[in-house]
Amino acid sequence: MNSRDKKRLIIISILIFVILVFKTHNVYAAPDASQAMPIPNINVSMDNAGTSTPQQYVQNIKLLIILTVITLLPSFIMMMTSFVRIIVVFGFLRNAMGTQQSPPNSILIGLALFMTIFIMYPVYSKMNTNAIEPYMQNKITQEQAINEGAKPLRNFMLKQTYKKDLQLFIDQAKLNYKVTADGQNAPLYVVIPAYIISELKTAFEIGFLIYIPFMVIDMVVSSVLMAMGMFMLPPTMISLPFKLLLFVMVDGWYLLVKSLIVSFS
């Protein structure tokens, strides 16, 4: 094949490529509106046309309050369980190790939730036996069910609450009756905040103990790097593998989880 044939072949190839690229495509019109699939009309509203009496308005307000309480109920329940201490300790552990976002928040929260279920199961069993089942069987009234169901939860919180914190809220509440030394007759709105600040105090104490070995590793690595003249090398980059190695060698997750569970017994 001579040079003239090669040029013709190249020109023909270019023309074919241009035709294929700029080839027109068929454009179809939109389907007829009458043949289109109907879209359901969703309308969410509160029709008060039939609420002509004050009692009906009160029922609507009660429904709104119940829906609001349901949205906040998970947060309230978590504040009255072992979840507070566990998740705060896990946060201290991750910060002490310096692993940034590992383990992720979703994993730590999931582990804390399952540990909370495990720790709170005896309390739930008592609440179910003394309050929920008798109420479902119409053996006790709603008020009795609430009182009986609150007793196991109150006992659990009082065991983990410092007397100083409990006395603080008892004094500020200015109750019209005398609270016993063990706080068994204290209302829940007094016991719950006292329990939360006691849990935070205990979690901070555990977090301090967790920080000590990792802080020692940071100090040793920093001293070695300064002695070697490596001032520009971040000590955390070198100490992180040693922290992970120490945590794995001592089986840190087992010890930490065991300590948290035992601390509630």
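Sequential numbering from 1 along the given sequence is applied to the chain's residues. Heavy-atom basis, side chains included; hydrogens, waters and symmetry copies ignored.
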Heavy-atom check, side chain of [X] versus side chain of [Y], under 4.5 Å:
{"X": "Leu188", "Y": "Met157", "value": "yes"}
{"X": "Ile170", "Y": "Lys178", "value": "no"}
{"X": "Thr81", "Y": "Phe264", "value": "no"}
{"X": "Leu246", "Y": "Met249", "value": "no"}
{"X": "Met120", "Y": "Phe83", "value": "no"}
{"X": "Phe169", "Y": "Ile197", "value": "yes"}

Identify, with sequence neighbours excluded, every residue that meets salt bridge (Lys or Arg N to Asp or Glu O under 4.0 Å) alongside Lys151. Glu148
Set of salt bridge (Lys or Arg N to Asp or Glu O under 4.0 Å) partners for Lys243, sequence neighbours left out: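 Lys243: salt bridge (Lys or Arg N to Asp or Glu O under 4.0 Å) contacts with Asp218.
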Is it the case that more than 12 heavy atoms not belonging to Phe92 sit under 6.0 Å from its CZ atom?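 Above 12, so yes.
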Any residue meeting side chain to side chain donor-acceptor pair (under 3.5 Å) with Asn147, in chain and number order, not counting sequence neighbours: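 Counting only residues at least two positions away or on another chain, Asn147 forms no side chain to side chain donor-acceptor pair (under 3.5 Å).
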Under 30°, 30 to 60°, or over 60°: which ring-plane class applies to Phe214 and Phe247, parallel, tilted or perpendicular? tilted
Side-chain heavy atoms under 4.5 angstrom apart, residues restricted to Ile, Leu, Val, Met, Phe, Trp, Tyr: same cluster for Phe118 and Val88?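 Yes, because Phe118 and Val88 connect within a single hydrophobic cluster, where side-chain heavy atoms sit under 4.5 Å apart.
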Anything under 3.5 Å between a donor and an acceptor, one on a side chain of residues 109-117, the other on a protein residue two or more places apart or in another chain? List them.
from	atom 1	to	atom 2	distance (Å)
Thr116	OG1	Ala112	O	2.6

For residues 132-139, please give each side-chain donor-acceptor pair under 3.5 Å, one per line with the distance, not counting sequence neighbours.
from	atom 1	to	atom 2	distance (Å)
Glu133	OE2	Asn128	ND2	3.1
Gln137	OE1	Lys139	NZ	3.0

Polar side-chain atom of Arg154 near backbone of Ala186 as donor-acceptor pair, under 3.5 Å: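 Yes.
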Check residues 198-207 and write down every donor-acceptor pair under 3.5 Å in which the side-chain atom is one partner and the other belongs to a residue at least two apart or another chain.
from	atom 1	to	atom 2	distance (Å)
Ser198	OG	Tyr162	N	3.1
Ser198	OG	Asp165	OD2	2.7
Ser198	OG	Ala194	O	2.8
Glu199	OE1	Arg85	NE	3.2
Glu199	OE2	Arg85	NE	3.4
Glu199	OE2	Arg85	NH2	2.5
Thr202	OG1	Tyr162	OH	3.4
Thr202	OG1	Ser198	O	3.0

